[in-house]
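A quick note: this is a predicted structure, and the numbers were derived from the prediction, not measured.
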Amino acid sequence: MNDRTPEPERSHPRPVVCSHCGATADRLPLTWTCSLENDTRHYLCEPCARDHIRSIEGRLDPTWW
């Protein structure tokens with residue numbers, strides 16, 4: 001018996017939405033970025049992640065971007 005709970009993206013495939021521009025994907029692409037803020041997952045599509053990489057690496061609050 002496995003005690004681990006599967007991650008939601010893997011157990012129930014559903015569209016993923018970029019939290020910055022609203023782009024969608026049927027499944028979570030490998031090139032998207034995921035961050036955990038206040039126990040909530042936020043996803044960024046590849047173009048948004050590239051545009052804001054310095055802010056992401058500097059751990060700036062997304063409201064500053």
Side-chain angles (χ1 to χ4, degrees):
M1 188 168 169
N2 188 354
D3 293 333
R4 291 183 52 197
T5 303
E7 293 182 21
E9 305 83 41
R10 296 175 198 262
S11 62
H12 301 289
R14 62 179 184 263
V16 182
V17 179
C18 175
S19 62
H20 190 72
C21 73
T24 60
D26 290 335
R27 292 181 183 232
L28 184 59
L30 293 175
T31 56
W32 282 36
T33 302
C34 177
S35 67
L36 187 63
E37 299 168 19
N38 298 325
D39 295 328
T40 304
R41 288 181 190 234
H42 295 275
Y43 299 97
L44 288 175
C45 65
E46 185 175 359
C48 288
R50 287 178 184 262
D51 288 346
H52 302 289
I53 191 70
R54 288 185 183 207
S55 299
I56 294 167
E57 288 180 349
R59 298 186 178 262
L60 294 177
D61 193 290
T63 57
W64 287 95
W65 315 350

Close side-chain approach of Cys45 and Cys21, heavy atoms under 4.5 Å: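 Cys45 vs Cys21: side chains touch.
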Check [X] against [Y] and note the closest heavy-atom contact, atom names and distance.
X	Y	answer
Ser19	Leu44	OG-CD2, 3.9 Å
Val16	Leu28	CG2-N, 3.8 Å
Ala25	Trp32	CB-CZ2, 4.0 Å

Euclidean distance, Cys34 SG relative to Tyr43 OH, rounded to 0.5 Å: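 One gets 4.5 Å once the value is rounded to the nearest 0.5 Å.
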Could you grab the distance from atom OG1 of Thr33 to atom CD of Glu46, nearest 0.5 Å is fine?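 It is 8.5 Å, given to the nearest 0.5 Å.
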